[in-house]
Amino acid sequence: LLLSCVSGIQMLSVQPDTKPKGCAGCNRKIKDRYLLKALDKYWHEDCLKCACCDCRLGEVGSTLYTKANLILCRRDYLRLFGVTGNCAACSKLIPAFEMVMRAKDNVYHLDCFACQLCNQRFCVGDKFFLKNNMILCQTDYEEGLMKEGYAPQVR
């Protein structure tokens with residue numbers, strides 16, 4: 001289990017009479033006018049960056065996220081480790097970075113987005129129906145209507 005942490009970022013002005021602090025990112029002394037304090041360490045503004053997108057974390061907000069020895073901005077943390085929800089067909093978690101299909105309030109893995117009676121996968125442009133929270137192809141939907149005594153209207 002990888003623990004994650006949300007940590008605050010503080011911008012501090014460097015006092016001229018204090019001994020320069022070492023940067024946790026580059027190990028050089030911080031001689032700038034301002035420094036950042038995060039994760040109980042001191043950083044140059046340029047050195048505290050997201051491991052994915054390289055954005056300067058002091059500029060994008062007052063928080064950073066750490067997980068698996070990575071320092072991340074909120075957007076990349078959610079993209080890598082967030083969760084979209086549970087698949088309405090298989091009930092398994094869907095990672096935030098995975099492509100999904102949506103039908104009303106339901107979210108599906110791409111592989112799970114198929115007729116839940118005959119398992120026919122849908123192609124772009126295919127009609128599908130959501131009945132009693134089940135995805136159905138047109139054939140199974142219309143057969144279900146026939147069994148219930150309703151004839152679909154043909155136009």
Side-chain angles (χ1 to χ4, degrees), residues 1-12 22-27 34-155:
L1 183 65
L2 296 172
L3 293 176
S4 61
C5 169
V6 179
S7 182
I9 302 171
Q10 291 177 293
M11 179 175 273
L12 306 170
C23 174
C26 68
N27 293 319
Y34 296 98
L35 59 80
L36 299 176
K37 184 176 181 185
L39 304 170
D40 291 324
K41 298 174 183 170
Y42 297 97
W43 310 77
H44 288 106
E45 290 178 85
D46 285 342
C47 292
L48 187 59
K49 294 190 284 197
C50 174
C52 281
C53 70
D54 239 19
C55 71
R56 290 168 42 152
L57 293 170
E59 292 178 357
V60 296
S62 58
T63 57
L64 62 80
Y65 297 77
T66 57
K67 187 163 181 169
N69 292 328
L70 296 172
I71 296 175
L72 302 164
C73 66
R74 182 176 194 277
R75 189 178 58 99
D76 284 322
Y77 173 79
L78 290 174
R79 187 174 59 80
L80 291 170
F81 301 108
V83 172
T84 298
N86 286 29
C87 176
C90 73
S91 301
K92 292 181 182 164
L93 286 175
I94 303 173
F97 58 84
E98 194 169 306
M99 296 288 286
V100 296
M101 295 297 291
R102 293 181 187 273
K104 292 200 175 174
D105 293 333
N106 295 343
V107 184
Y108 302 86
H109 293 106
L110 289 182
D111 289 341
C112 294
F113 194 70
C115 177
Q116 290 177 298
L117 291 179
C118 71
N119 293 322
Q120 173 193 325
R121 297 276 311 271
F122 296 107
C123 298
V124 174
D126 286 351
K127 277 189 181 175
F128 71 90
F129 298 84
L130 193 60
K131 181 150 173 67
N132 298 330
N133 233 13
M134 285 179 61
I135 305 172
L136 301 172
C137 66
Q138 189 163 1
T139 304
D140 286 328
Y141 176 74
E142 289 173 357
E143 282 180 13
L145 289 180
M146 295 294 196
K147 287 177 187 167
E148 292 173 9
Y150 301 109
Q153 291 185 345
V154 179
R155 294 183 187 208

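In what follows, every heavy atom counts, from backbone to side chain, and hydrogens, waters and symmetry copies are set aside. What you see is a predicted model, and the numbers here were worked out from it, not measured in a lab.
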Separation of Lys131 NZ from Leu145 CG (nearest 0.5 Å): 6.0 Å

Got Val60 and Arg74 here, is their nearest side-chain heavy-atom distance under 4.5 Å? no

Please lay out, stage by stage, how Asp111 and Arg121 fare under the test side-chain contact (heavy atoms from CB on, under 4.5 Å). CA-CA 8 Å; Asp111 289 341; Arg121 297 276 311 271; 3.8 Å; yes

Any chance you could measure Thr139, atom OG1, to Lys127, atom NZ, to the nearest 0.5 Å? 11.5 Å

Using only atom types and a distance under 3.5 Å, with no angle test, would you say the side chain of Asp76 pairs donor to acceptor with the backbone of Cys73? no

Quick note, ring pair (Phe, Tyr, Trp, His ring centres under 6.0 Å) partners involving residues 111-133, not counting sequence neighbours, are Tyr108-Phe113, Phe113-Phe122, Phe113-Phe128, Phe122-Phe128, Phe129-Tyr141

What's the spacing between Leu64 CG and Ile9 CD1 if we round to 0.5 Å? 4.5 Å

Once you round to the nearest 0.5 Å, how far does CZ of Arg79 lie from CG of Leu72? 9.0 Å

Distance col, row Glu142:CD vs Cys137:SG, nearest 0.5 angstrom, shows 9.0 Å

Shortest non-hydrogen contact from Cys115 to Leu136? SG-CA, 3.8 Å

How many angstroms lie between atom CG of Leu57 and atom OG of Ser7, to the nearest 0.5 angstrom? 10.5 Å

Let me have the donor-acceptor pairs involving side chains of residues 36-53, under 3.5 Å, with sequence neighbours excluded, atom names and distances please.
{"residue": "Trp43", "atom": "NE1", "partner": "Ala38", "partner atom": "O", "Å": "3.0"}
{"residue": "His44", "atom": "NE2", "partner": "Lys29", "partner atom": "O", "Å": "3.3"}
{"residue": "Asp46", "atom": "OD1", "partner": "Arg56", "partner atom": "NH1", "Å": "2.4"}

Should Leu130 and Ile135 be marked as a side-chain contact (heavy atoms from CB on, under 4.5 Å) after you check the CA-CA gap, both sets of side-chain angles, and the distance that decides it? CA-CA 5 Å; Leu130 193 60; Ile135 305 172; 4.2 Å; yes

How close do Cys87 and His109 get, counting heavy atoms only, and between which atoms? CB-ND1, 3.3 Å

